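The structure appears right after this line, and notes come after that.
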Amino acid sequence: MSDDQQAGGTAQQAPGRPDTAGSRTEETRDRDERPGDGDHKAGAKADRKAGAKADRKADAKADGKAGGDDAATGDETTEQEKDQEKERQRERERAAGRFKEHTRDPLAGEDGEDGPTDLASAARTRRATRLLFDIGRDYTGFDRSYFRSAHIGDTFNLRLDTRTAGAGLRGGPVPDEELRRLRRIHVEPEGYVLLRNALRAQRLLVLGAAPGTGRASTALSLLDEVTTPGADGANPGPPSGSRIGRVDPADGVRQLATSLDEPRGGEDEEGERPRRATGYLLELSFTRPGVQPPDEMDLDELAAALERCEAYAVIVVTVGSATNSLLAGRYGMLCPPAPTRELVHTRLRELLERHAATAPDATASADELFRRAVELMGRAEVKDAIGLKHLRPAEAELLASLLAGHVRGDLPYEELLSGCRSLAARQAQEWFAGVDRALTVPPAQPDGTTGRPGTATLFHPVAFRIALAVLGGASYSAVAAAAHLLTWELSVQSDPDHTPARPLFCDDPEADLALSRAELADGTVEVAGAEVPARLIWYQGSALPTAVLTELWDRHFPVRAPVVRWLRQLADDPRTQVWMRAAVAAGELCVRDFDHGYAELVRPLAEATTPRRRIFAATTLDQAAGHDSHRRAVHRLVDDWSRNGTKTLRWTAAMTLGYGNAAPSTDDALDALARIGVHDDGDQTAVASFNVVRLLALPDAERVLERMSEWTHHKREAYQDLGLVTTVRLSLTTVDEVLTDHPASPLGERGDWPLPLALADTRPELVRPMADLMWTTLNTARAREVATDALERLLRSAVREDGTEWTRPGLAVLLPALVTEEHDRWRLDWLLRRMMHDPDNPLPDPQARDLWWLAVTPPDRQRPDGPHRDDMRRNGPRPQRTRRERNREEDRHG
């Protein structure tokens, strides 16, 4: 076609188009009436019925009115033909309307006031969330109850679980052995010198940190340094354990100040004061009912008493809203965490040097064993098993013991990995052990009543940890809001007779991070399809989310009811970053107890009236299907729903099948989707077709296209509609809407591309079957309008609004395969002209000409490649059938 024949004229006078409908070629008429075009067949059938009716009327008139007025009969026949033509036109319009209804967004019409669900955002959120949970192996491979303790060699017996909670440490002197060991293995954290100088200057230090971060060890080390005889540098003397004592927390600050001014019992007759340079360690907790933090005047009184007797004291508190005033005062300072790597190395050297001293006949020296242990700690498998970004002192010591035991030959490698995995489980157990013990026996008040602590304040830390395990990677505000919802549910469950009250200005982000081992990072979240800056929050370690959910679900059964209610609330949250993350986490919980999860979460949400809840249930099922132990159960459940389920259950089954894990094979998934799509005269063709398109993002896309072609050529119109609707939806779907669990896929780099163009650019073997399907929809009357609009959308995606290239490489491959005949070129020319003359969004002339030449000039890459090239080398070129033959109905389709 010459340049003059390109797109450039009016849409009504497109080059090559006949002036009248009666001048169509025989080939065109035959194409329009090809088998497989269901509404052409329906129109032909209507024509035959109308013709037979007209014949019968004509015969009756001929019998009853022989010799009548021929002119009148001719007028009546003409009027009947017009009526018949109008009826056929109405039927075609109804067929096209039904087809348009099938191609609508399966979620758009059901959300109501909630607004449509952003499937692209949901898919991206799901991919990000699944990275937080390890589903490469079954959960039973990591069951902390199988590795509670380990006897390593003849020296250490390591306990990996938390000790049974008791009354806690009471007052008394710190033994000399503990101080000597502390000097040997303690690693000074960053800012340690500032803490020591502050203690020496003020004699009192309020040290704030999260439990388990080494705050007590740091406090003892500080007191040991400042109370050592000759600590100022003159005449150092031998250390003595009686120099430092722990103070009973029940005594409090005032009691300690009073005791410092009293004569020491058992002293000489002159009532000598306590010895100079004495240190006191006081660990305060404010979770018990009625316990209030000391005020600034109490601390001043204690500091004065310490000055009078030349002693020192360190008060250790947990960061949080209750201690903010203490830490913000003149005596308060935060305790920085000890460096993890140095802690492990120090403990390793101590263990291995002791081993070398007790086993002189060892084949390897302490230095060689240390080198092996450090190399072992750096292995990816060991790091993944640990799953913690920063180790706390007790964890570092345990890891050092495990590494030392393995390099000495006392501990097998598998037990080493099990011990490493138990670190996160141990932390989770410590977080939840006895949280609400204070609620069980409320203390008696002077008036005889019983007081109860604020349940909201008590449960907020654990609620925040659970919310972070479920929503890790979301914005801090989303996690905090979810934590408050869960705090309410936990408070009501624990104390139903009282309405929980939560102070409005008590949240402390820094305390939340410290108490939950979390970290913030700058990132983005999606709001109405646009990315906006946000502060994102994660656990400091990939093992903590799973450990928290496992501990919660396996060891604390009463908490399941409020957590289930909370998850149902999250399922209604309009933010994708919330409800999709909650759905993935719910799937992990179902793996722990599928019977309970199915009854309380999956089935109720699968039958919900809102599509978002049903997608929540589908995502939960798919997450469970990712585990070998539950895959067959999910397969049977989804198959039963597709066959015998209610309308809502079939809808949920279709969404589950779209993930690609809910059926044994791709063919089984397509069979189930076909059953759903043709059920009740295609009532759910929209949702079935969408999930067939989702399967095209998986590796077996070629098989999916083959089945779509079979449906298009099926004798039943419902199957034809399923194939045609799926083809149209393929053109309307972007990669981000369907990409599931393949972040390394080349499609991931083309997230905003229409799916057929991304597939054409990355998988050339799919170009011809996609082009054949698209050609069929363009040449089917009931699908022609929506198929043409879909093709226009593909053409407009060639370049972006700023003029940069977008999907042009994909169009350069797909268009030549789609435009192969004169009629196809005429249709493309007409469409380009229509786009150029669009009053709202006219296509620039250079872009139209470029698209035209992309279509009529076959690209070099059309040469066979990949498996097709190898097949041609072995067997020669395959015999090509004409398009008409490819669209013929075949008996094998039933």
Side-chain angles (χ1 to χ4, degrees), residues 101-102 104-112 114 117 119 122 126 564 567-568 570-572 579-580 582-584 586-587 589-591 593-626 630-695 718-719 721-722 725-726 729 740:
E101 182 66 16
H102 291 327
R104 65 174 174 81
D105 185 346
L107 307 179
E110 301 184 57
D111 285 278
D114 295 334
T117 302
L119 293 176
R126 179 176 176 273
V564 166
L567 288 173
R568 290 181 180 177
L570 297 186
D572 294 327
W579 70 265
M580 179 53 76
V584 174
L589 293 178
C590 285
V591 172
D593 187 348
F594 192 81
D595 176 57
H596 185 271
Y598 175 76
E600 299 294 331
L601 275 173
V602 175
R603 184 61 184 255
L605 295 179
E607 293 184 309
T609 56
T610 58
R612 187 178 295 128
R613 282 196 162 203
R614 299 199 293 267
I615 298 177
F616 189 102
T619 306
T620 299
L621 279 177
D622 175 74
Q623 188 70 15
H630 292 72
R631 186 170 294 120
R632 291 187 62 185
V634 174
H635 290 175
R636 295 189 62 180
L637 177 65
V638 173
D639 182 73
D640 180 66
W641 284 0
S642 70
R643 296 178 185 274
N644 309 310
T646 62
K647 180 179 179 179
T648 53
L649 289 180
R650 291 197 308 273
W651 198 100
T652 306
M655 292 302 299
T656 310
L657 290 163
Y659 285 116
N661 298 319
S665 66
T666 301
D667 278 326
D668 292 324
L670 293 169
D671 287 341
L673 287 170
R675 284 195 298 270
I676 296 171
V678 302
H679 193 272
D680 287 343
D681 296 327
D683 185 48
Q684 292 187 330
T685 298
V687 68
S689 64
F690 172 73
N691 287 283
V692 173
V693 172
R694 293 174 69 193
L695 296 176
Y719 280 95
D721 282 346
L722 178 60
V725 169
T726 305
R729 191 173 299 284
T740 52

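Keep in mind the model is a prediction, meaning the values are calculated, not measured.
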Is it the case that the side chain of Arg613 and the backbone of Pro604 share a donor-acceptor pair, with hydrogens and angles ignored and the cut-off at 3.5 Å? no

Residues Ala618 and Met655: closest non-hydrogen pair is CB-CB, 3.8 Å

Can a donor-acceptor pair be found, under 3.5 Å and without considering hydrogens, that links the side chain of Thr620 to the backbone of Ala583? yes

To the closest 0.5 Å, what do you measure between CD (Gln623) and OG1 (Thr619)? 9.0 Å

When you check the gap from the basic side-chain N to the acidic O, do Asp572 and Arg612 get nearer than 4.0 Å? no

Check for a donor-acceptor pair, side chain of Gln684 on one end and backbone N or O of Lys647 on the other, with a separation under 3.5 Å. yes

Just to verify, what does Ala669 make a side chain to side chain contact (heavy atoms under 4.5 Å, CB included) with, not counting sequence neighbours? Leu657, Ala663, Leu695

Minimum heavy-atom separation for Ser689 to Leu722, with atom names? N-CD1, 4.1 Å

Is there a donor-acceptor contact under 3.5 Å from the side chain of His635 to the main chain of Asn661? yes

Value for CD (Glu600) from CG (Leu567), rounded to nearest 0.5 Å, stands at 11.5 Å

Atom pair OG1 (Thr656) and CG (Leu637), whose distance is rounded to the nearest 0.5 Å: 8.0 Å

Might you point out which heavy atoms bring Phe616 and Ala586 nearest each other, and give the distance in Å? CE2-CB, 4.0 Å

Shortest non-hydrogen contact between Ala624 and Phe594, atoms and distance: CB-CE1, 4.2 Å

Begin from the C-alpha positions of Asp683 and Arg650 and carry the test salt bridge (charged side-chain N to carboxylate O under 4.0 Å, His left out) through to its verdict. CA-CA 11 Å; Asp683 185 48; Arg650 291 197 308 273; 5.2 Å; no

Results of salt bridge (charged side-chain N to carboxylate O under 4.0 Å, His left out) for Arg694 - residues two or more places apart only: none

Separation of Tyr719 OH from Thr685 OG1 (nearest 0.5 Å): 11.0 Å

For Glu607, the side chain to side chain contact (heavy atoms under 4.5 Å, CB included) test, sequence neighbours excluded, returns Arg603, Thr646, Thr648, Leu649

Any heavy-atom pair between the side chains of Arg729 and Val692 that's under 4.5 Å? no

Using modelled atom types only, decide if a donor and an acceptor are shared between the side chain of Thr652 and the backbone of Ala606 within a distance under 3.5 Å. yes

If you take all heavy atoms of Ile676 and Ala654, which pair is closest and at what distance? CD1-N, 3.8 Å

Once rounded to the nearest 0.5 Å, what's the spacing between atom CZ of Arg568 and atom CG of Leu601? 6.5 Å

Could you grab the distance from atom CG of Asp622 to atom CD1 of Ile615, nearest 0.5 Å is fine? 12.5 Å

On a heavy-atom basis, which atom in Asp668 and which in Ser665 lie closest, and how many Å separate them? OD2-OG, 2.9 Å

Counting only N and O atoms by type, is there a donor-acceptor contact under 3.5 Å from the side chain of Asn691 to the main-chain atoms of Val687? yes

